[in-house]
Amino acid sequence: MLKNLDKKLLHHFPLLWNLKFPYIILAGIVFHILAYFGSYFFSDFDIKSLRDFHSNNVEDIVIGFFAVFGGIILIVWFLFYIRNNGLKAFYPKDKNAIFKEWLLVFCILLLFLSAIFTIQKGIKDKAISLFSKEEFSKRVETVYKAGFFIDYPIERQVDSTSMNPTDSVYLDSYFFRYRGKDFPWTSLIARHQRDVFEVNEDSLYTVQTRNLLYNNDSVVVKKLMKDYLQIHKEHRLETNLTAEKWFRAVYKAPFFDDYYAIQPYISGDEVYYTDNIYLGKKSKYFVEQNELFDYYRRMMSEQEKEIWDEEIIVALFYFAFACSLVVLVFRISSLLHWFLSVVILFLLVIFDFTVSEFFRESSLRYSSFILAVILELIVVILLAFVFTRNKKLSSVALNVFLMSFGFVIPLLFALVSELLERYYDQVLVILNFRDEYYGNDDSILDVAILNTGIIFLGMFLMCRYIRNWKALPEN
């Protein structure tokens, strides 16, 4: 069956046969499927005890494994791909044959690199599948509110009636005013935690918990502590507290300021105490609150993560583009010329950054870097096109130009915009394709996106030139 398929591809679609295109695409699809299920079933969220959560690196191992696995697949495919090279054997080629070949190689590389999104999708689906939406929301609320009775920091209010005469700064108040009532500044009601999970929910949970204390709603507080300890137990975390002990240790109505300190982790110390008086009196009580926070914060982050991140897409595009150029250069030149091209390009990059570092403290730093890049491009273009009558003179220059031209515009734009912003206190604001005005960082990303059109047009023209260039004699 495979032999018949090979024969048909060889006679009717020789380019696809040479690239082993159907097989590598099938391998890529299987690779994505394995990546999804591997990241889904081998997740950091699957650990039995949260005490191992900080040291757990299952997801890193999974990503590393599929990176190596995908690399091995591509290496095997590349070895089969280079066995037959029509460019070096002077087979007949139509005008756009080289461009089509490069485009297919680029798509193959992009297919395997895009597996990072499949892995992220698997991790996200795993995080969503562990609890229902209602159950997860309830757990997050419980973990957050219980922190008021463990180790949240104090929100200090300023005393508007007193001012430091030396620097005209208001002094911290010794009271915390809430809903018209004054509490000691060390009171539990003065505690708060910002940006633990979400800004809006943080503010809502803070108000709700303060209202519980303000209304002296001890029944709800006891239930909150009981629910928290149940979640704590489910994750196989250790504590020496019960709901009753916890309540008696910290719930000191009506001002809630004479409480015992609850340690948020196990440190091995027999007594938990700190110099900060607002954390409470000495005690031996502890819960593993930090592990719970990290777990649910990470889970919420994964659930809300955008899989198709614009910056990652652009980065993968340019990485696949760079790798496809290295492959194309290998196809159109000898092994020696290919090696020399890669080494020269590497040396040029080192030279550019050396020039930049040399002028680090000078106003010429960025301008000298830009000048070096422009001069190198001019030299490379001259070598590639002036010496078109001699392949040996132009081959390396053509390879270097081919591997670098697509990155010039984003690089120059980034350097120029940084130069303007740093030395002239200007922000380069442009109109992007969504009709929004914004600053340099976003502009650079849009320039990189718009540069893709220049890349494809440039590759189309360059590949046509390469076809004609290959027909030159070797002298």
Side-chain angles (χ1 to χ4, degrees), residues 15 18-21 24 28 70-71 73-75 77-82 85-88 93 95-114 313-352 373 376-381 383-385 388 391 394-414 447-470:
L15 178 57
N18 190 26
L19 283 165
K20 310 300 178 187
F21 193 74
I24 192 62
I73 294 175
L74 288 175
I75 290 173
W77 162 78
F78 181 73
L79 293 176
F80 279 97
Y81 170 48
I82 62 176
N85 191 346
L87 294 174
K88 293 182 179 179
K93 293 284 184 180
K95 293 181 179 180
N96 301 321
I98 298 179
F99 177 74
K100 293 175 184 177
E101 185 170 341
W102 166 79
L103 189 59
L104 291 175
V105 170
F106 171 75
C107 291
I108 291 170
L109 294 174
L110 198 59
L111 172 65
F112 278 84
L113 288 173
S114 63
I313 292 174
V314 172
L316 290 180
F317 174 88
Y318 276 87
F319 185 69
F321 173 62
C323 293
S324 67
L325 291 178
V326 173
V327 173
L328 178 62
V329 167
F330 184 86
R331 294 283 286 178
I332 65 175
S333 60
S334 65
L335 181 60
L336 177 60
H337 288 175
W338 175 82
F339 178 75
L340 289 175
S341 303
V342 173
V343 171
I344 290 174
L345 184 63
F346 180 71
L347 292 176
L348 289 176
V349 172
I350 294 178
F351 171 75
D352 290 336
V373 172
E376 289 162 11
L377 280 175
I378 293 174
V379 172
V380 169
I381 293 172
L383 288 175
F385 291 97
T388 54
K391 282 188 186 179
S394 61
S395 177
V396 175
L398 178 63
N399 292 344
V400 173
F401 175 76
L402 191 63
M403 288 189 292
S404 59
F405 87 96
F407 302 92
V408 174
I409 293 178
L411 176 63
L412 293 181
F413 184 88
V447 168
I449 294 173
L450 295 175
N451 187 52
T452 58
I454 299 175
I455 286 176
F456 283 107
L457 178 61
M459 286 302 300
F460 179 77
L461 297 176
M462 286 293 297
C463 288
R464 282 197 166 196
Y465 170 79
I466 291 170
R467 175 183 175 274
N468 297 331
W469 171 81
K470 286 295 293 181

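All values below were derived from every heavy atom in this structure, side-chain atoms included, with hydrogens, water molecules and symmetry-related copies excluded. Since the model is a prediction, treat every value here as computed from it, not as a measurement.
Residue L19 comes nearest to W77 through the heavy atom pair O-NE1, 2.6 Å, listed as atom of the first residue, atom of the second, then distance. Across S114 and L316, no two heavy atoms sit closer than the pair CA-CD1, 4.4 Å. Between W338 and V326 the shortest heavy-atom distance is NE1-O, 3.1 Å.
With sequence neighbours left out, the side chain to side chain contact (heavy atoms under 4.5 Å, CB included) criterion links L110 to F106, A320. With sequence neighbours excluded, the residues that form a ring-ring contact (aromatic ring centres under 6.0 Å, His included) with F99 are W102, F460. Residues satisfying the side chain to side chain contact (heavy atoms under 4.5 Å, CB included) test with I73, not counting sequence neighbours, are I24, A27, F31, F69, F112. The ring-ring contact (aromatic ring centres under 6.0 Å, His included) check on F80 picks up nothing, with sequence neighbours excluded. With sequence neighbours excluded, the residues forming a side chain to side chain contact (heavy atoms under 4.5 Å, CB included) with I75 are L79, listed by chain and number.
To the nearest 0.5 Å, the span separating CZ on R331 from CG on L328 amounts to 9.0 Å.
Proximity of L103 to M459: side-chain heavy atoms (C-beta onward) are nowhere separated by under 4.5 Å.
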Taking only distance into account, with no hydrogens and no angle test, what donor-acceptor pairs under 3.5 Å do side-chain atoms of residues 449-457 form with protein atoms, sequence neighbours excluded?
from, atom 1, to, atom 2, distance (Å)
N451, ND2, Y318, OH, 3.1
N451, ND2, G406, O, 2.7
T452, OG1, I449, O, 2.5

Derivation of the side-chain contact (heavy atoms from CB on, under 4.5 Å) call for L74 and I108 = CA-CA 9 Å; L74 288 175; I108 291 170; 4.2 Å; yes

